[in-house]
Amino acid sequence: MRHNGYSAPEPPGAAELLAEVEATAKDGLDRGRAPLGPGEHTEDELLAHFEAVVAADEKIEPRDWMPDAYRRSLVRQLSQHAHSEVVGMQPEGNWLTRAPSLKRKAILLAKVQDEAGHGLYLYSAVETLGVDRESLFQALHEGRQKYLSFINYPTPTWADAGALAWLTDGAAIVNQVPLCRSSYGPYARAMVRVCKEESFHHRQGFDALHVLSRGTKAQKRMAQDAVNRWWGPALAMFGPPHEQSTHSEQSMRWRIKRYTNDELRQRFVDICVPQAEVLGLTLPDPALAWNGERGHYDFTPPDFDELRRVVAGDGPCNRQRVGNRRRAHEEGAWVREAAVAHAAKRREGVR
Ligand code: BYC
């Protein structure tokens with residue numbers, strides 16, 4: 001990335017993650033496999049067929065029969081994912097009017113718009129499961145559905161926008177690359193596109209921090225403070241430890257998920273350490289050390305009690321984030337009505 005002749009280095013490990021995404025893109029294609037005919041098969045036959053499709057690493061498509069519990073779990077995870085993208089526009093949106101240069105502002109604006117787009121791909125994917133979008137918004141606004149915990153933390157300095165993108169977009173990519181191979185076709189396909197865009201988000205955060213850490217002492221301190229604030233929330237994004245994870249075992253059997261929360265958290269730490277070295281910043285964990293026997297970095301797990309509290313609604317910004325979202329939805333009602341009226345006119349051939 002280049003600004004005023006300055007070029008930040010490539011974050012180590014980023015290209016490899018993107019190559020994994022590319023490698024999955026063709027696997028996710030809808031190959032038009034005919035579904036089992038309705039009414040011609042027993043529930044056992046339908047289940048056996050579903051399990052065979054999953055075991056063969058083929059995709060379940062919206063037209064296919066699927067167990068109710070599989071559908072429910074997908075609706076749960078996909079809607080949480082969609083909400084996270086949309087509510088997740090707020091912590092960085094906070095810096096849109098105050099970005100330090102026109103270039104940074106343009107980049108941030110594009111990133112925040114992308115998050116809205118990711119929300120749209122994901123809401124569309126949930127709709128393929130027979131749920132309407134308005135009911136998802138209601139569930140979010142009434143606190144019946146979740147979004148990711150890190151969004152409930154504040155971004156008090158410009159460096160927080162950079163640290164948030166470097167760490168939480170970095171964590172999101174590590175989490176989402178295996179989701180590109182999810183057994184549900186619309187989810188897997190959405191993830192391919194999301195990961196590619198997320199890769200840009202991650203790089204712009206890395207780039208913003210790289211500039212700050214090579215700036216004045218005060219700028220470097222600001223970057224370090226922001227990394228200190230975001231390291232814990234980024235680690236917590238991967239969810240509770242495996243033994244406390246309620247959904248992982250089943251989701252992994254259904255191949256919605258491919259790895260445990262802990263395996264992904266470890267991969268993220270292993271990727272972050274060399275990136276922090278290039279940035280010249282320190283990850284705030286004295287226990288962080290290479291373990292040659294395990295072939296991984298040892299690290300201190302995030303504070304899971306804090307994660308529980310934040311998910312339960314008691315984070316620093318929960319009320320503000322949901323309040324803003326609710327207000328934006330109400331104030332945007334006229335835009336949705338206008339779009340529906342416009343679409344109806346187009347259908348009737350009125351220009
Ligand atoms: N925060 O059994 P578990 C982005 C919940 S946006 C809140 O392990 P699972 C970005 C979990 O839902 C990208 N809740 O669940 C945007 C479950 O509760 P329910 C967002 C959490 O599903 C803007 C319970 O705890 N990415 O990157 O197997 C700017 C037990 O957990 C959290 C996604 O949403 C958490 N951190 O695994 C910048 C990824 N962790 O549902 C960046 C998609 C756990 O029973 N989601 N919970 O009420 C997933 O991959 C998985 O759902 C999770 C959890 C890894 C999050």
Side-chain angles (χ1 to χ4, degrees), residues 69 72-95 108 111-119 121-122 125-126 139-140 143-153 155 160-180 182 184 187-188 190-191 194-195 197-202 204-205 230 232-254 256-265 268 302-304 306-315 318 321:
R72 274 197 307 276
S73 201
L74 276 172
V75 168
R76 177 191 65 79
Q77 178 166 332
L78 272 161
S79 46
Q80 171 179 301
H81 201 155
H83 297 328
S84 301
E85 297 285 0
V86 170
V87 187
M89 293 160 76
Q90 293 182 43
E92 288 159 294
N94 176 35
W95 282 94
L108 191 61
K111 179 195 193 287
V112 172
Q113 279 180 336
D114 278 356
E115 310 292 358
H118 296 175
Y121 312 153
L122 284 156
V126 198
L140 170 67
R144 287 183 282 112
Q145 278 179 350
K146 299 187 167 95
Y147 55 89
L148 283 196
S149 46
F150 79 89
I151 295 159
N152 295 305
Y153 290 84
T155 45
D160 286 79
L164 179 150
W166 172 46
L167 291 171
T168 71
D169 283 296
I173 296 171
V174 168
N175 174 264
Q176 289 168 172
V177 167
L179 292 175
C180 297
S182 164
Y184 190 56
Y187 197 14
M191 283 301 103
V194 166
C195 280
E197 293 174 359
E198 217 88 275
S199 166
F200 151 77
H201 299 172
H202 173 252
Q204 66 86 35
W230 283 96
L235 286 182
M237 272 175 79
F238 294 93
H242 187 57
E243 60 284 4
Q244 291 168 25
S245 165
T246 38
H247 303 292
S248 286
E249 286 290 346
Q250 183 60 68
S251 284
M252 283 162 66
R253 268 199 295 277
W254 279 327
I256 295 173
K257 234 168 130 157
R258 299 278 173 160
Y259 300 98
T260 67
N261 299 347
D262 296 323
E263 284 167 336
L264 292 174
R265 195 170 3 252
F268 172 66
D303 182 342
F304 291 115
E306 178 175 320
L307 172 63
R308 259 189 297 278
R309 281 197 306 277
V310 174
V311 173
D314 199 17
N318 294 57
R321 301 291 188 236

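Start at 1 and go down the list; that is how both ligands and their atoms are numbered. Starting from 1, each residue takes its place in the sequence as its number.
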Flag for Gln80-His83: side-chain donor and acceptor within less than 3.5 Å: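 Their side chains do not contain a donor-acceptor pair, so the 3.5 Å distance test is not met.
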Classify the side-chain pair Gln77/Tyr187 by whether it contains a donor and acceptor separated by less than 3.5 Å.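 Their side chains do contain a donor-acceptor pair, which is all the 3.5 Å distance test asks for.
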[X] heavy atom under 4.0 Å from ligand 1:
X: Gln176; result: yes
X: His118; result: no
X: Tyr187; result: yes

Look up atom 47 (N) of ligand 1 and tell me if a protein heavy atom lies less than 4.0 Å from it?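 No, no protein heavy atom sits under 4.0 Å from atom 47 (N) of ligand 1.
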Is there a protein heavy atom less than 4.0 Å away from atom 23 (C) of ligand 1?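 Protein heavy atoms within 4.0 Å of atom 23 (C) of ligand 1 - there is at least one.
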Enumerate the atoms of ligand 1 whose separation from the nearest heavy atom of Val311 is less than 4.0 angstrom.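 Per the distance check, 1 (N), 7 (C), 14 (N).
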Heavy-atom proximity to atom 45 (O) of ligand 1, best of His247, Arg144, His202: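 Heavy atom nearest to atom 45 (O) of ligand 1 belongs to His247.
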Please compare Ser149, Gly93, Pro240, Ala171 and report which has the shortest non-hydrogen distance to atom 1 (N) of ligand 1.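 Answer by nearest heavy atom: Ser149.
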Tell me the contacting part of [X] for ligand 1: side chain, backbone, both, or neither, using a 4.0 Å heavy-atom threshold, strictly below.
X: Ile151; result: neither
X: Asn175; result: side chain
X: Glu92; result: side chain
X: Lys257; result: side chain

Which residue supplies the protein heavy atom nearest to atom 12 (O) of ligand 1, what is that atom called, and how far is it?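 The protein heavy atom lying closest is Gln80 OE1, 2.7 Å.
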Considering only non-hydrogen protein atoms, determine which one is nearest to atom 19 (P) of ligand 1 and report residue, atom name and distance to 0.1 Å.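 Going by distance alone, atom 19 (P) of ligand 1 is nearest to Lys146 NZ, 3.3 Å.
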Would you call the rings of Trp230 and Tyr153 parallel, tilted or perpendicular, taking 30° and 60° as the class edges?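 Trp230 vs Tyr153 ring planes: perpendicular.
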